[in-house]
Student: 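Would you mind keeping the following structure in view while I ask a few things?
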Amino acid sequence: MIFSIQRFNPEKDTSPYFQDYEFEIPKSATLLDCMNLIKWTQDGTLTHRMSCRSAICGSCAVKVNGHTLLACKTQASKVIKDGKVKIEPMGNMEIIKDLVVDFGQFWEKIERIKPWLVPDESEKPEKERYQSIDDFRKIDAGSTCIMCASCYSDCCSLDVDKGFLGPTSLAKAQRFIHDSRDRERLSRTGEISDKGGIWDCTHCGECSERCPTEAKPLERITSLRRTAIALGITNNIGARHVKAFVDSIAHSGRLNENILPIRSMGLFNISGLMSLIPIGIRMMMRRKNPPIIHKPIDEAEDVRRIFRKLRKG
Ligand code: SF4
Ligand code: SF4
Ligand code: FES
């Protein structure tokens, strides 16, 4: 089999390149086993990370055929296509050497959501702070994150906006915001509702696809959005967008894309509204603007009926 591995040594290379290694996969070997054997028997300069080899430490994530996964959790035979596998460093992070990337910004974003419990200090429990089984279930999935950054690596929002907190931090934020022992739910939710937070996720679902545990960031982000709305943290573009979306469909059975950006930005947000003008002009020039008068849709009344029923409860 051919292992095509991206190489880059900043001390001598001007840009990354692929190097092919011919290698016979031992029976039942994981991808990490193969990478180790290639390093130990063919090329000691090949650099990658690993530690536990048991899908626990989160060290060995790499991009395989374009998607990030844990090398130690992946059977090599499963990712070989036409006798070849392509291995690259994770995305959305700078390369340090070969398959090793710089986690600096990743950890800085984790730090920003204050990943520690802030309990009510006026309560002085005799032993530990008690949590019921039902309350624990609300944070169980989020607690399983192993910080491998697979979700961060493949997040399309981060690809275009490095200011986005990213799926790992938001999944971690959910674990504390929904913790029955934490007293900072409101302020924490307010902080992640600003620019770069929960509303900047495009819900492409890639993070949950990539996640090797039950942390599944998109599900955590969705539950945080519900919490933000329930707590009344709605004075932001994301929450207004949701409300405008729902109102439009409930009212007419269809999405009015002409009104949506205006209501999302806020009717009195003059600078925000002005910022939409160039986008509108570009859309018109490329004939991508939605029609002013929509064609009738036969089932639109059915959609309105479903909304009425849902709202009644
Ligand atoms: S669902 Fe959101 S957080 Fe997850 S990868 Fe897509 S844009 Fe990123
Ligand atoms: S949420 Fe999943 S994919 Fe993201 S860092 Fe945690 S374990 Fe890895
Ligand atoms: S080496 Fe620890 S998760 Fe793969």
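We count ligands from 1, going down the list as the structure has it; atoms in each ligand are counted the same way.
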Student: Keeping to distances under 2.8 Å, can you name the protein N/O/S atoms close to atom 4 (Fe) of ligand 3?
Tutor: C60 SG, C72 SG

Student: For E206 and H67, which I'm curious about, is there any donor-acceptor pair between the side chains at under 3.5 Å?
Tutor: yes

Student: Would you mind telling me if ligand 2 is within reach of the side chain of M147, the backbone, both or neither, using heavy atoms under 4.0 Å?
Tutor: backbone

Student: Could you tell me which atoms of ligand 2, counted from 1 in the order shown, lie closer than 4.0 angstrom to a heavy atom of A215?
Tutor: 1 (S)

Student: Y21 and F3: aromatic ring centres closer than 6.0 Å?
Tutor: no

Student: Give a yes-or-no answer on whether the side chains of T222 and H203 include a donor-acceptor pair shorter than 3.5 Å.
Tutor: no

Student: So, for Y152 and N92, which heavy atoms are closest and what is the spacing to 0.1 Å?
Tutor: O-ND2, 2.8 Å

Student: Is atom 2 (Fe) of ligand 1 less than 2.8 Å from at least one N/O/S atom of H203?
Tutor: no

Student: To the nearest 0.1 Å, how far is atom 2 (Fe) of ligand 2 from its closest protein heavy atom, and which atom is that?
Tutor: C211 SG, 2.3 Å

Student: Among all protein heavy atoms in this structure, tell me which lies nearest to atom 7 (S) of ligand 2, with the distance rounded to 0.1 Å.
Tutor: I146 N, 3.4 Å

Student: Within the 3.5 Å criterion, strictly below it, is a donor on S28 or Q75 matched to an acceptor on the partner's side chain?
Tutor: no

Student: Under 4.0 Å from a heavy atom of I221: which atoms of ligand 1 are those, numbered in the order shown and with their elements?
Tutor: 3 (S)

Student: Going by distance alone, is a donor N or O of one side chain under 3.5 Å from an acceptor N or O of the other, for S248 and R263?
Tutor: no

Student: Around atom 6 (Fe) of ligand 2, find the nearest protein heavy atom and jot down its residue, atom name and distance.
Tutor: C145 SG, 2.3 Å

Student: Scan side-chain atoms only and decide if N289 and E257 contain a donor-acceptor pair under the 3.5 Å cut-off.
Tutor: no

Student: List the closest protein heavy-atom neighbour of atom 8 (Fe) of ligand 1: residue, atom name, distance to the nearest 0.1 Å.
Tutor: C155 SG, 2.4 Å

Student: Can you list the atoms of ligand 1 that are under 4.0 Å from a heavy atom of T202?
Tutor: 2 (Fe), 7 (S)

Student: Below 4.0 Å from any atom of ligand 2, is there a heavy atom belonging to P212?
Tutor: yes

Student: Taking 4.0 angstrom as the limit and counting only heavy atoms of S157, give me the atoms of ligand 1 inside it, by number and element.
Tutor: 7 (S)

Student: State if P167 counts as touching ligand 2 under the rule of any non-hydrogen atom under 4.0 Å.
Tutor: no

Student: Do S59 and S51 pair up side chain to side chain, a donor and an acceptor below 3.5 Å, judged on atom types alone?
Tutor: no

Student: Among D134, D140, D135, which residue satisfies the salt bridge (charged side-chain N to carboxylate O under 4.0 Å, His left out) criterion with R137?
Tutor: D134

Student: Is it the case that over 12 heavy atoms from other parts of the model lie below 6.0 angstrom from the NZ atom of K114?
Tutor: yes

Student: I need the minimum non-hydrogen distance between F307 and A250, along with the two atoms involved.
Tutor: CD2-CB, 3.5 Å

Student: Can you list the atoms of ligand 2 that are under 4.0 Å from a heavy atom of P217?
Tutor: 1 (S)

Student: Touching ligand 2 at all, A171? Heavy atoms, strictly under 4.0 Å?
Tutor: no

Student: How does A149 reach ligand 2, by side chain, by backbone, by both or by neither, if only non-hydrogen atoms under 4.0 Å count?
Tutor: backbone

Student: Please say which of K172, K195, R112, E191 ends up in a side chain to side chain contact (heavy atoms under 4.5 Å, CB included) with L165.
Tutor: R112

Student: Does C148 put an N, O or S atom under 2.8 Å from atom 8 (Fe) of ligand 2?
Tutor: yes

Student: Only heavy atoms of T213, strictly under 4.0 Å: list the atoms of ligand 2 that pass.
Tutor: 7 (S)

Student: Is the closest side-chain donor-acceptor distance between D154 and T68 under 3.5 Å?
Tutor: yes

Student: Note the single closest protein heavy atom to atom 4 (Fe) of ligand 2, along with its residue, its atom name and the distance in Å.
Tutor: C151 SG, 2.3 Å

Student: When you measure from the side chain of K39 to the backbone N and O of L46, does any donor-acceptor pair fall under 3.5 Å?
Tutor: yes

Student: Would you say that more than 12 heavy atoms from the other residues, nucleotides or ligands in this model lie under 6.0 Å from the CD of E214, or not?
Tutor: no

